[in-house]
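Below: one structure, written as structure tokens.
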Number of protein chains: 2
Amino acid sequence: MADPPASSPSSSPPTSATRRRQARADATRLALIEAAVHEFAAHGFEGASTRAIATRAGTHQPQINYHFESKDELWRAAVDHVFAKLDAALAAHQIEGLGADEITRDRLADAIRAIVRAVAQLPELNRIMIQEATADSDRLAWIVERHTRGRYDLLAEAWGSLRRRRLVADIDETVVYYALIGASTLAYVNAPEARRLLGDHAIDDAFVEAHADGLVTMFLGPEPAAGGASAD
Amino acid sequence: MADPPASSPSSSPPTSATRRRQARADATRLALIEAAVHEFAAHGFEGASTRAIATRAGTHQPQINYHFESKDELWRAAVDHVFAKLDAALAAHQIEGLGADEITRDRLADAIRAIVRAVAQLPELNRIMIQEATADSDRLAWIVERHTRGRYDLLAEAWGSLRRRRLVADIDETVVYYALIGASTLAYVNAPEARRLLGDHAIDDAFVEAHADGLVTMFLGPEPAAGGASAD
DNA sequence: GTCTATAATTAGATAGAC
DNA sequence: GTCTATCTAATTATAGAC
């Protein structure tokens, strides 16, 4: 979405030297984005300094204003980057998404497991989300319209469909949305706290699997009701 | 815990004037703490400025260093303040706590409802907690040992007791802790986002009650199993 | 105790050499 | 494109009048 700064201003043919320069520039840009993800997640937008980001990226602070218009634009590029990684992780953890076909209890169970595994390996995304969601701002408006609303609608429709068919508990979609996101992300968002509270190795792969199973039980019940449910 | 600056340096008897001065000072101190709660919750420790806190408190920025040693000490006073409010809110919403006697399913259900109602009216506490928990720091160490660990132990013991007696699903205490805190707090922590996503009045009293009921259903099941459960 | 003025540091952004 | 040097504005904390 953010255009890279124009690197071929006129019609000069791409020589080997300019191609190497471009590759170096792309590497710098990516390193800045990944460093920004880490720093914004840890300290919030205002708490993260562009100097710390540049140092983590192995470059110098003015590079941020060269490759991005401003700290704000770097933040947007970082957010787009982690959401792209989320979609990749979700795709890796489940064959079909929520929206593909008529939702079933088992499909939602698979989706919940996929969400838990994905957010476990991508804690920065939900750290950034929550840092921004605590106060209204232009950044919050941007992130809600660009990344949040579509995902909310998908989950709300899936839950609503199951709820109307009595395949899940009679709980409001808005309640389920925040309960599921909160219940699935907090242990990873708060991993530094969890390490102090529970020990260094408390949030490991076994925890993630127990967490996924636990949330499926909590949100979908121990077992699908045999027989009695009738469609709307 | 933090001693107020000594206001009676020698043995001068308290005149009406000095008593009025002291009352004014106490009011300034409290106004600073409450403004600090708001600003730290909205912007995090590093993102909140002492000028903004002083302005919100209706006083001037150097008052912070007079009434508190530093921004850091003000933060600690603010955290103690919101945890005291949490305890008051929890006490108002339930007769007995988790630790009073042998835990029962109904007692835990009451506790969950009390937690939801309390965190709904005190979103600043969980905003501050989550802002700090995303990165390790001296502040995180302080808050975990001073405020978090005891509450974690209480809930983990209660759940473990019910779990051993097969009165709740067989889910690990650590999973339940983060799932419950996340599921109960996120809608209020993220209220600015929820307003953009769902509309201005989505997180109202009816939501809180539906939320409380929904979490009881999710964590404790729709109904206690009649008969079959045997104690350990 | 509360105020104004200011010191010392650090922030994001820019200029210009190479 | 990347670097060094630096500008302007904002930060926390302190000094000193009242």
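Since the structure is predicted, the reported quantities are computational estimates derived from the model, not experimental observations. Sequence lines set the chain letters: A, B, ... in the order given, protein chains first and strands last, and positions in each chain run from 1.
- In this structure, the CZ atom of B:Arg19 is 14 Å from the P atom of C:dG1, given to the nearest Å.
- Side-chain nitrogen and oxygen atoms of A:His60 include at least one within less than 4.0 Å of the OP1 or OP2 phosphate oxygen of D:dC3.
- B:Glu73 has its CD atom 16 Å from the P atom of D:dT12, to the nearest Å.
- Residues satisfying the salt bridge (Lys or Arg N to Asp or Glu O under 4.0 Å) criterion with A:Asp136, sequence neighbours excluded, are B:Arg196.
- The shortest distance between the side-chain N/O atoms of A:Gln63 and the OP1/OP2 oxygens of D:dG1 is not below 4.0 Å.
- Annotation: salt bridge (Lys or Arg N to Asp or Glu O under 4.0 Å) contacts of A:Glu124 (sequence neighbours excluded): none.
- Annotation: salt bridge (Lys or Arg N to Asp or Glu O under 4.0 Å) contacts of B:Glu209 (sequence neighbours excluded): B:Arg117.
- Whole-Å rounding puts the A:His43 NE2 to C:dG12 P distance at 13 Å.
- Within residues 30-40 of chain A, no residue places a heavy atom under 4.0 Å from DNA chain D.
- Applying the ring-ring contact (aromatic ring centres under 6.0 Å, His included) test to A:His147 and every residue at least two apart in sequence or in another chain returns A:Phe83, A:Trp142.
- For B:Asp138, there are no side-chain contact (heavy atoms from CB on, under 4.5 Å) partners two or more places apart in sequence or in a different chain.
- Partners of A:Tyr178 under the ring-ring contact (aromatic ring centres under 6.0 Å, His included) rule, at least two apart in sequence or in another chain, do not exist in this structure.
- A straight line from NE2 of A:His67 to P of D:dG1 spans 7 Å, rounded to a whole angstrom.
- Residues satisfying the salt bridge (Lys or Arg N to Asp or Glu O under 4.0 Å) criterion with B:Arg24, sequence neighbours excluded, are absent altogether.
- Between the C1' atom of C:dT2 and the CZ atom of B:Arg21 lies a distance of 9 Å, rounded to the nearest Å.
- Residue A:Thr28 places at least one side-chain N or O closer than 4.0 Å to OP1 or OP2 of D:dT2.
- Here A:Phe219 pairs with nothing under the ring-ring contact (aromatic ring centres under 6.0 Å, His included) rule; sequence neighbours left out.
- Residue contacts for A:Ala48: at a heavy-atom cut-off of 4.0 Å it reaches the sugar-phosphate backbone alone, with no base atom in range.
- In this structure, the side chains of B:Arg113 and B:His93 stay at 4.5 Å or more apart for every pair of heavy atoms.
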What string of B, S and - do you get for nucleotides 13-18 of chain D, 5' to 3', if B is base contact, S is sugar-phosphate-only contact and - is no contact with any protein heavy atom under 4.0 Å?
BB----

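- Of all nucleotides listed (D:dT11, C:dC3, D:dC3), D:dT11 comes nearest to the side chain of B:Ser49.
- Within residues 127-141 of chain A, no residue has any heavy atom closer than 4.0 Å to DNA chain D.
- For A:Gln22 and D:dT2, the CD to C1' distance is 14 Å, given to the nearest whole Å.
- Residue pairs meeting the salt bridge (charged side-chain N to carboxylate O under 4.0 Å, His left out) criterion with at least one member in residues 49-72 of chain B, sequence neighbours excluded: B:Glu39-B:Arg56, B:Asp72-B:Arg76.
- In this structure, B:Ile53 atom CD1 and D:dA10 atom C1' are separated by 15 Å, rounded to whole Å.
- In this structure a side-chain-to-backbone donor-acceptor pair under 3.5 Å is missing from B:Trp159 to B:Tyr177.
- Looking at B:Met129 and B:Ile143, their side chains come closer than 4.5 Å, going by heavy atoms from C-beta outward.
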